[in-house]
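Protein chains get the first letters and strands the later ones, always in sequence-line order, with residue 1 at the start of each.
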Amino acid sequence: GESVGLHLPTLSVQEGDNSIINCAYSNSASDYFIWYKQESGKGPQFIIDIRSNMDKRQGQRVTVLLNKTVKHLSLQIAATQPGDSAVYFCAENRAGGTSYGKLTFGQGTILTVHP
Amino acid sequence: NAGVTQTPKFQVLKTGQSMTLQCAQDMNHEYMSWYRQDPGMGLRLIHYSVGAGITDQGEVPNGYNVSRSTTEDFPLRLLSAAPSQTSVYFCASSYSMAMNTEAFFGQGTRLTVV
């Protein structure tokens with residue numbers, strides 16, 4: 001089931017450092033994973049995605065790693081900037097049956113970047 | 001090209017009142033969905049639609065109705081608002097239900113039920 005709580009995990013880094021945000025997923029049938037960034041007062045914004053037949057995908061300053069063995073997803077942000085401060089969500093798309101096309105979101109992680 | 005537009009941005013309702021949250025997209029997307037976001041939690045799917053005339057329930061559908069008479073619009077109705085429906089609501093759209101399809105989100109509607 002989904003973890004419920006009022007306090008999100010937090011990560012504080014210095015500007016210029018690399019950030020790693022982690023996410024555990026529960027459904028081994030999930031085929032597709034997405035990372036979203038949500039700034040205060042805004043809707044989630046797509047960052048990067050990965051399919052289950054891959055274990056790594058790189059974008060501009062971001063890399064997503066997928067470990068299907070332990071059902072773990074991570075987002076690496078290189079040279080983190082103050083503008084990267086936001087809440088980061090992982091989402092999984094559970095393939096097949098009535099779950100097809102429905103995104104299930106994780107709890108989120110608050111990233112704070114200090115100048 | 002405005003993307004996904006939600007109105008209103010803020011709303012306060014009294015318990016028992018009804019209202020409709022509007023969502024419109026101008027990207028000709030087939031798939032639209034509504035989520036709610038509560039403190040400390042990720043987004044939870046309320047209802048979704050795979051095209052005009054077709055809707056289905058998500059994870060938390062109780063207390064909400066939807067319809068999809070056009071490709072562009074996907075309104076969410078609260079028939080009798082309850083304090084438990086205090087939340088931030090996000091509408092999203094994507095080209096299709098298929099995987100590898102990026103979902104675009106609106107700016108959100110912050111609803112308070114007193």
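Neither the backbone nor the side chain of B/Gln6 has a heavy atom closer than 4.5 Å to any heavy atom of chain A. No part of A/Gln45 comes within reach of chain B, as not one of its non-hydrogen atoms sits under 4.5 angstrom from that chain.
Linking ILVMFWY side-chain heavy atoms closer than 4.5 Å, directly or via other members, places A/Val62 and A/Val13 in a single hydrophobic cluster. The hydrophobic clustering, which links ILVMFWY residues whose side-chain heavy atoms are closer than 4.5 Å, places A/Leu73 and A/Met54 together. A chain of hydrophobic side-chain contacts below 4.5 Å, direct or via other Ile, Leu, Val, Met, Phe, Trp or Tyr residues, connects B/Leu76 to B/Met19. When the side chains of ILVMFWY residues are joined at heavy-atom separations under 4.5 Å, either directly or via intervening members, B/Phe74 and B/Leu78 end up in a single hydrophobic cluster. Residues B/Val4 and B/Leu111 are members of separate hydrophobic clusters, defined by side-chain heavy-atom contacts under 4.5 angstrom among Ile, Leu, Val, Met, Phe, Trp and Tyr.
In this structure, CD in A/Gln107 is found 12.5 Å from CG in B/Leu43, a value given to the nearest 0.5 Å. We find the CD-OG1 distance between B/Glu59 and A/Thr104 to be 6.5 Å, quoted to the nearest 0.5 Å. Interatomic distance, A/Leu103 CG to B/Tyr31 OH, rounded to the nearest 0.5 Å: 6.5 Å.
For the residue pair B/Phe90 and A/Gly43, the shortest heavy atom distance occurs at CE2-CA, 3.3 Å. Heavy-atom minimum distance, B/Gly42 versus A/Phe89: CA-CE2, 3.6 Å.
Ring-centre distance between B/Phe104 and A/Phe46: not below the 6.0 Å cut-off.
Within a 6.0 Å sphere centred on NZ of A/Lys42, other residues, nucleotides and ligands contribute 12 heavy atoms or fewer.
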> Does the side-chain contact (heavy atoms from CB on, under 4.5 Å) test come out yes or no for A/Phe105 and B/Leu45, once each step is laid out?
Replying inline: CA-CA 9 Å; A/Phe105 284 80; B/Leu45 182 65; over 6 Å; no
